[in-house]
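This report concerns only the one structure given below.
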2 protein chains.
Amino acid sequence: MATSIKDVALRAGVSVATVSRVFGNGPVSPELRERVEKAIAATGYRPNLSARRLRSRHSHTIGLMVADIRSPFFTELSRVVEDEAYRSGMRVILCNTDENADREAMYLRLMEEERVTGLIWAPTRGSLERLAEDDLPFPVVLVDRGGPVGRHDSVVLDNHQATASLVHHLHSIGRSRIVGLFGNASSTAIDRHLGYLSATASLGLSSEAFFVAPSAEAAEREILKVFSRPDRPDGIIASSNLMLLGIVKAMRRLDIRTPDDVAIAGFDNETWSELVGPGLTVIEQPVGDIGRMAMTLLFDRLKAPKAPARKVMLSGRLIVRGSTAPVTGLVDEPVD
Amino acid sequence: MATSIKDVALRAGVSVATVSRVFGNGPVSPELRERVEKAIAATGYRPNLSARRLRSRHSHTIGLMVADIRSPFFTELSRVVEDEAYRSGMRVILCNTDENADREAMYLRLMEEERVTGLIWAPTRGSLERLAEDDLPFPVVLVDRGGPVGRHDSVVLDNHQATASLVHHLHSIGRSRIVGLFGNASSTAIDRHLGYLSATASLGLSSEAFFVAPSAEAAEREILKVFSRPDRPDGIIASSNLMLLGIVKAMRRLDIRTPDDVAIAGFDNETWSELVGPGLTVIEQPVGDIGRMAMTLLFDRLKAPKAPARKVMLSGRLIVRGSTAPVTGLVDEPVD
DNA sequence: AAGCTTCATGTAATCCTTTTCAGTGGCTTT
DNA sequence: AAAGCCACTGAAAAGGATTACATGAAGCTT
């Protein structure tokens, strides 16, 4: 049987209220405080967080719902969010939805039962559309995906502009038949698709987009199919890391040279991005900033529940590497 | 004010005990059950988990303490653990220690306050040594790192054997001056170092080990230093993914060819391992099995607290790729 | 038909804190 | 010197569920 606040009080010869006040920095005289602290040390007492949460009606918990923690963007995001949360005495409940609406609904219910203080959420496409209707008993900050400014705060990458800058970059190195490969699950891919469309249009380029399941294998298969046709593209833009890997695999398989025959570019800068093939050109997302901003929005919201919703859009950084190096036409010079 | 079990009881015209029994599948007649369920739906009632945990004296929570969720092994592990946990109605509290003893101690205290049912833990080196002494009020299963069979269950890779197999593999392709690069923080690196030592010794090879901070940059710096000496090694074994990346970077920087001049091998198979340079030879860890086994050990322990501690050792799988392809000596053939 | 189970239900205690409320004693104010 | 204030402290209520125990009705046994 674990020791409770009662045992501590008994041992210190004070009331339980006083012991509680020692933890909550209420007014306690120095002598009593010392006696209590001695008793705590002697008994090895640890306050029961469930009881504390129940009575104080404050869970000190925030939820974090993402598609899959294994996707590097979310890995990094979760790390930032947890650090920020623990720093301000909060705990995080992490959930992986796998872009599955049922799991998402289940976890939302869990969040309610946990009485979370707030939720940081990368919703599935369906939920994003339905978000205006169902209202949740806690504030929500959308990350990574967010529609028009609605009832909820959100912080996202400027996907439209980012993808457009990839297209312009490929165009600037002389590519004209640029196809796009997008995931078919997340709303991010949709935004990136739109950016791709408007950029190709404004440059007067043809456009062709493919949508596949978000896995390297699916991407590889699709690209193999695309390159079995006579009119091969000379540039590919991928809406994610996994797509990018699938593309590189397909290029290897077909023995197509990068960037000579096809230039490749995509999203998310990773430790290994510069080491895959000739180095991958990518848009780097400010994940740390996104996570911290999400926490800021959440805390602000808690302070001012009625304030109008804010949508924060951060811009990515284009990192140019070998996969989009300009081709001299005569000699393959090492880039960098 | 959120609706409580009382409101539901009132609305359904039953006692709170009956409502509680509907949730806990106690004995409730069909009619009452239906009335209660209607009342739940009508009120949108959600049980308060804090209250439930407090009264039932069961947190339904397990802790997961790892060095850093961003390290791919732990990312995958956390995913497996969370899935298994949620499947059996448990929740997970994730903590990143950053190999820092203070953070670790702080989080251990948190685990006690949360009254976790059990803890899955990749302890820092210091904690691993001190583990026999301090005893915790909940069962612990060590993962990734585990000393001799002590008081705690553990599940680890057979690091000794795995590293030895890397050495033997390099030897089999004709390498004789094989150095080892190890992280200086985790106990895993120590085990791998020992495997390296005994394998080189048994093969009659020279050995030289370097220990650096667990980052690609530190690894790169160290390797640059090593290769500034006249007697360059012809093989390198790295104790982790990050080390491996640092080595590849150094090789690029120095324009040293892999595997011709130096063969490279390390740990953890990732999506991109086959795409970095000529493809990286690695030991693949059965992360999923490790995670599931850890959960199994934990649940078994809960059923039989007094049973003797078990140490489960799983073996890795050697995946040979271009970075350790045998060199023909005449022509550089592309390795598949 | 009396007595014994069994099943469904309600009442009240309990889990462990925080928080409200009501002092108590000592100081300052007027 | 009475009044008011302040800083501490303790007793008790409250938070929202589960569960031990009591009760009453129904079904069985003999």
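Here is how names work: the chains are called A, B, and so on, in the same order as the sequence lines, proteins then strands, and each is numbered from 1. These numbers come from a predicted model, not from an experiment.
- If you check C:dT17, C:dT18, D:dG16 against the side chain of A:S56, the one that comes closest is C:dT18.
- For A:R115 and D:dG15, the CZ to C1' distance is 11 Å, given to the nearest whole Å.
- Looking at A:S56, its side chain does come within 3.5 Å of a backbone N or O of A:R52 through a donor-acceptor pair.
- Judged purely by distance below 3.5 Å, without hydrogens or angles, the side chains of B:E114 and B:T61 never pair a donor atom with an acceptor atom.
- Here B:S20 reaches the OP1 or OP2 of D:dT18: one of its side-chain N or O atoms lies under 4.0 Å away.
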Audit row: A:V141, A:V155, side chain to side chain contact (heavy atoms under 4.5 Å, CB included) steps and yes/no
CA-CA 8 Å; A:V141 175; A:V155 40; 4.3 Å; yes

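- One interatomic measurement links the two molecules: NZ of B:K6 to C1' of D:dG15, which rounds to 10 Å at whole-angstrom precision.
- Residues B:E99 and B:T124 have side chains that never bring a donor and an acceptor to within less than 3.5 angstrom of each other.
- The interatomic distance linking A:H58 (NE2) with D:dG16 (C1') rounds to 18 Å, in whole Å.
- In terms of phosphate contacts, B:R57 brings a side-chain nitrogen or oxygen within less than 4.0 Å of OP1 or OP2 of C:dC16.
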Would you check, one step at a time, whether the test side chain to side chain contact (heavy atoms under 4.5 Å, CB included) holds for B:F138 with B:I62?
CA-CA 10 Å; B:F138 43 74; B:I62 71 169; over 6 Å; no

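- When the options A:L64, A:V66, A:L108, A:L128 are evaluated for a side-chain contact (heavy atoms from CB on, under 4.5 Å) with A:W121, the one that passes is A:L108.
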Quick tally for nucleotides 8-14 of chain C: nucleotides whose base has a protein heavy atom under 4.0 Å get B, sugar-phosphate-only ones S, the rest -, giving SBBB-BB

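- The distance between atom CG of A:N48 and atom P of C:dC16, rounded to the nearest whole Å, is 7 Å.
- Atom CD1 in A:I5 sits about 6 Å away from atom P in C:dT17, given to the nearest Å.
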